[in-house]
Each structure stands twice: as structure tokens, then as C-alpha cells.
Amino acid sequence: MQIYNTLTRRKEDFLPRDPGKVSMYVCGPTTYNFIHMGNARAFVVFDTLRRYFLYKGYKVHYIQNFTDVDDKIINRAREEGEDPIRLAARYIDEFFRDMDALNALRADVHPKVSEHLEEIIGMVSLLIERGHAYVVDGDVYYSISSYKDYGKLSGRSLEDMQAGARVEVDTRKKHPMDFALWKTAKEGEPSWDSPWGSGRPGWHIECSAMSRKYLGDGFDIHGGGYDLIFPHHENEIAQSEAATGKPFARYWMHNGFITINQEKMSKSLGNFFLVREVLDKFAPETVRFFLLSAHYRSPLDFDDEKLASAGRGLERVKNCLRLLAEAARGAVRDKVSGADAELLALLDRRRQEFESALEDDFNTALAIGVLFDAVGDINSYFHSAGRDEGPCGEVVSGAMSLLEKFNSVLGFFRSGPGGKIMLDSGNGEEELAGGLIDLIIKIRQEARSKKDWATADSIRNGLKDLGIVLEDTPQGVRWKKQV
RNA sequence: GGCGACAUAGCCAAGUGGUAAGGCAGAGGACUGCAAAUCCUCCAUUCCCCAGUUCAAAUCUGGGUGUCGCCUCCA
């Protein structure tokens, strides 16, 4: 597999540190609010990458942190009169609600800053010992001048940064770009005891400390949004490599932004859409499909019309799944004809194309194209060969299994044991509704048999207004929920 | 100011040297009582512009133009 590595600015062959195993660390959210679509993109992209490694048979160790100690959390908590750690914990629950809806698998570990002070303090101490950090009035700063490779990820030099520094210069710092590893506690803030007094960690050190704890030195993939390259990831590298003397993450992957009217969606610009707002209007599979429909490094412009277009496209895939499910329920033929064998061979080729697409820097857009090609192949088959002689059992199960394989990576649809796709959640209420709809359809069929088209159409239109679409086919009547 | 990315049909989007995937929308046809779904056909002589390299360029080089991003919390 080839992966574009931000560190080297080119695609490289992906060779895991330990054969057969992949270690990944993805920067999670600062939990002071619900997550927005931009956050979701990063998490869905890396979830899908992880799923692809699993599909390929790798054992994946996937870590995603929560920043639950931070200025913004503290400020928010103050405004709402709530304990900061509790507020953060609440938004962690909300994070899971959103990401579960988007069918993202839980990480193996979701470490929190508030539970890793020991590791963080240990790493800060190590940096001081090694001369890469200094203490000023209870604050600890990382000295970027002490680390010769500072700037290697973002491609900037110390000189550039001095020239571009527009931030107020703290005269206690040795270099204007030196950053805080540890901050002295202010009144009313969460704080922990440390060798430098009571305080709390700076932002960047948590990822260095926690990734090391769970993945060790030189783990495989570190991911996050483009905006984390500088300073966050640059600083992580500086901290980790200076502290351990060993190379940090081997492959750095960064996803592009979600934009609104071509402008970056961000909390600070205020032009963001919360995941749950979007999920009120669009199905989760549509949202996930949309997020994967462009290459992960490209910007992705968001608006309702684009989501709607994505939803209509996904409907094609759903229709094909319904067709296959229906065929599997009906009578199938054992004998494998020439047309059957032809389709099976074609689908095997699609499987290979799907994999090559993802092997090339994780090109989900291309992989989705292959999915649509496969859907077209299957539909054509049912239109001709499968229809004339009845569907072949091997074809039906083979086609379904292919789409399930694709889905195990793309994760559009929820799946049960063995990756079986479940289009409807199937709770009791839905069963009841389904029974009622079947009954109404039966009554309508009686009207149709008497050529009472007025009644038949009135029933169909009435159901449509309720969001139930009927399809009269030679094989009988099908119904589904409207998109 | 420094650094970097991108520019492909009405819309979204893949494609890094060999003659433009896929989706949405649209047109025609098949099927249907009519629809829906599905199938078939059509829909960029051309990839922001101008030069250049090459037998061959959307793809490489140079120069423009435009848009966006990072340099400050941000996925």
C-alpha cells in the first residue's frame, strides 16, 4: 500500500513496524462542544483506513485521545457553572453518540488527559533532564532551539518562524516560539501536583505521552486534520523525539478540510455544522458516504444540495442490496451457467479494483466508483440472465458477499455477524409498521386485480405522503422508506 | 510578508506521459395499467490561460490568472 506521508511530502510504500500489525494514533477532539462535520470527516476517514487494514487481515491497534483539560473547556465550564472535567465527560458521551451514528468503530483505547498526568509529568521531566525544556515561575517551556529538526513536518525553519511571529512575545521565553509543556494553575482551574508546582499540561504533550504509553516509540500512522500539522504535530515530534531519542510516528497522514462556500469550516469562523444537525436532515449512511466521496486530502465543500445528491446516489446501492436480499429469499438455481460464471469473474475483478484504489493512498473516491460499477454489473445481470433463468444461488451469495466486503471497509451500513448488512434497524415498532404496510398492499392488490386504478393510485399516493414508496414489479410489490 | 495546496461537464468527483472512471441532474428508448426501481443509448474532441519539452501532456517544465489553506485555538 502506498500512503502520502506529510513528513516526506510524497507517497511511500507502507511497511508497518511489526509485520501484520498496524499501530495508529489519531488526534481526537477537545470536548467542550458537540463535534461538527469537519471533526467528523477526520474521524470517519481514519476509521475507514483502520477498517481497510482490518479487511486486509492486519491486527490494528487504534488509539484516539480526548483532550479533556484545556482553556476552552475551562472557560466554557466557568460560563455554565459546571466542573470542567465533568463538562468534558459529558461532551465525550455526546461525541460517542455522533460517531456511533456515523458507524465509526470505537478505538481500542480512548485515553484522556485527566487520566494520564503521571505519563505527562514523566515526559516533561525527561525533557527537562535532557535539556530540551526549562522552568520559569512554575511554567515549563519546550526549547525549540534545542531540537535541530524542529520544523521538519511543516517545512519551515526557525528563521521563518521568527519572521512570521506575530504573537505577543513572552519575554520569559528563550525563543518566541517556545511552547508550554506545563502551565501553572490559576485560581479555580483543574490542577495537579508536579515537581514545578501545581498546574496542568500544555496542549501538545498529551499526545506524545499517551501515544507512547499505548503504542510505543516509532509507531506506524499518526493522523489528524491538516490544521494540526503546525504547531500541534510539529511539537509532538519535537517532544517525543527529544525525550526518547528515537523517531516518532513513521507515517503522518492529514485529511483536508470541510469547507462551506469554499471556506474552511471551523469553530472560530463560526461557519460550522454540527454532526447532529446534519443527522436530523440526512441519513447517517448518506453523511458517511458524502465524507468519503472525495479523496481524504482534498477539500470537501459542504451544503444540503451536495448531501442530497449523495443520498440519491447511495440509494442506487441500497436498491441493489434490496434486490439481492429479495433474490436470496426466493428460489435460486443451483446450476451455474455461462452468464453466471461471467458475472462472478467480473465481480472478482471489481474486488481487485476496489483494493487497488485503496492501496493507492487510500483513494476512497475511486473505490466508491468501483462500488457503483459492481452495482451496475449486478443490476444488469438481474435484468438479463438472472431474470430469464432465475437467479443462480452462487451469484446471489457471491454478489452479496462482495458488497458486504466493500461495506466492511466503507462502513455505510450497519452490519451484523459476518458483516451481514442490515438496512433497517428492525425494532418491534418497525415490524408492526411493516405488517401494516403489507396489509395495505394486499388490499391495494385486490383493487388492482379489479383494475380499480383510482383506489390503487390513491393508496400508493397516500403511502408516499407518509414516506413509503411502492414499486410494482413482475415479482410482486416492493416497498421501502423514501430517502 | 513566509510556506503550501488546488483549478476536470450544469453540480460532485477520479485520473501524474498513451489518447477523459464513477455519481447527481438531464434527453431518448425498453419494462409498467400509470408510476417507481432496473436495463440500454446519449450527455467534456477536451481537462483555467499562454508558451515549451515529447512521436504522444489533463498529466512534465516555465510564465500568468483565480481560489483556498497554514504561519494563532481549530479535524
Side-chain angles (χ1 to χ4, degrees), chain A residues 9 11 26-30 32 35-46 67 70-72 151 154-157 159-168 177 203 223-232 234 254-259 262-269 272 289-290 293-295 297-301 303 305-320 322-323 353 357 360 363-373 375-376 378-384 387 448 451-453 456-457 460-461 464 469-474 477-480 482:
Chain A
R9 286 171 195 73
K11 284 189 204 174
V26 175
C27 288
T30 301
Y32 68 103
I35 55 168
H36 64 233
M37 288 295 291
N39 300 308
R41 184 184 193 187
F43 306 139
V44 164
V45 160
F46 289 106
T67 301
D70 172 89
D71 287 345
K72 278 176 300 209
S154 51
R156 54 194 89 200
S157 63
E159 298 78 69
D160 291 344
M161 285 182 276
Q162 253 163 338
R166 295 178 306 186
V167 213
E168 264 183 71
M177 298 301 287
W203 174 33
Y226 240 89
D227 48 359
L228 293 183
I229 295 174
F230 191 89
H232 186 54
E234 192 70 71
H254 294 96
N255 63 278
F257 300 127
I258 296 275
T259 59
Q262 328 298 334
E263 269 196 342
K264 179 183 173 183
M265 174 188 291
S266 78
K267 289 178 185 171
S268 38
L269 287 175
F272 58 88
F289 174 87
F290 172 75
S293 64
H295 186 94
R297 286 192 283 119
S298 308
L300 180 57
D301 201 61
D303 64 49
E305 183 40 49
K306 283 164 188 153
L307 259 290
S309 166
R312 287 190 295 265
L314 234 208
E315 192 60 19
R316 257 174 92 69
V317 179
K318 286 195 208 170
N319 283 331
C320 183
R322 292 188 185 108
L323 179 72
E353 289 167 1
D360 184 9
N363 193 333
T364 53
L366 188 55
I368 287 173
V370 176
L371 167 65
F372 277 101
D373 287 336
V375 164
I378 294 165
N379 284 336
S380 294
Y381 167 85
F382 275 92
H383 194 78
S384 52
R387 185 193 227 175
R448 288 183 77 212
K451 296 200 193 296
D452 179 2
W453 308 126
D457 288 353
R460 187 171 59 195
N461 291 334
K464 186 160 196 276
V469 179
L470 297 193
E471 296 175 6
D472 297 326
T473 77
V477 184
R478 267 204 289 268
W479 70 269
K480 64 183 180 189
Q482 193 150 32

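To find a chain, count down the sequence lines: A is the first, B the second, and so on, and within it residues start at 1. These numbers were taken from a predicted model, which means no experiment stands behind them.
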Quick one: is [X] getting a side-chain N or O under 4.0 Å of the [N] phosphate, OP1 or OP2?
| X | N | answer |
| --- | --- | --- |
| Ser380(A) | rU38(B) | no |
| Lys267(A) | rA75(B) | yes |
| Arg448(A) | rG33(B) | no |

Have a look at [X] and say if it touches a base, only the backbone sugar-phosphate, or nothing, with a 4.0 Å heavy-atom cut-off.
| X | value |
| --- | --- |
| Tyr226(A) | nothing |
| Leu470(A) | base |
| Ser384(A) | nothing |
| Asp373(A) | sugar-phosphate |
| Leu314(A) | nothing |
| Arg41(A) | nothing |
| His295(A) | sugar-phosphate |

If we take the P atom in both rC11(B) and rG18(B), what is their distance in whole Å?
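Going atom to atom, P in each nucleotide, I get 27 Å.
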
With no angle test and no hydrogens, is the base of rA35(B) tied to the side chain of Arg460(A) by a donor-acceptor pair under 3.5 Å?
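Under the 3.5 Å cut-off, the side chain and the base do form a donor-acceptor pair.
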
Is a donor-acceptor contact shorter than 3.5 angstrom present between the side chain of Ser268(A) and the base of rC73(B)?
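A donor-acceptor contact between them is present.
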
Does the pair Glu471(A)/Arg322(A) count as a salt bridge with the N-to-O cut at 4.0 Å?
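No salt bridge links Glu471(A) with Arg322(A).
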
Within the stacking criterion (centroid distance below 5.5 Å, interplanar angle below 30°), does Phe43(A) stack on rA75(B)?
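No, aromatic ring not over the base.
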
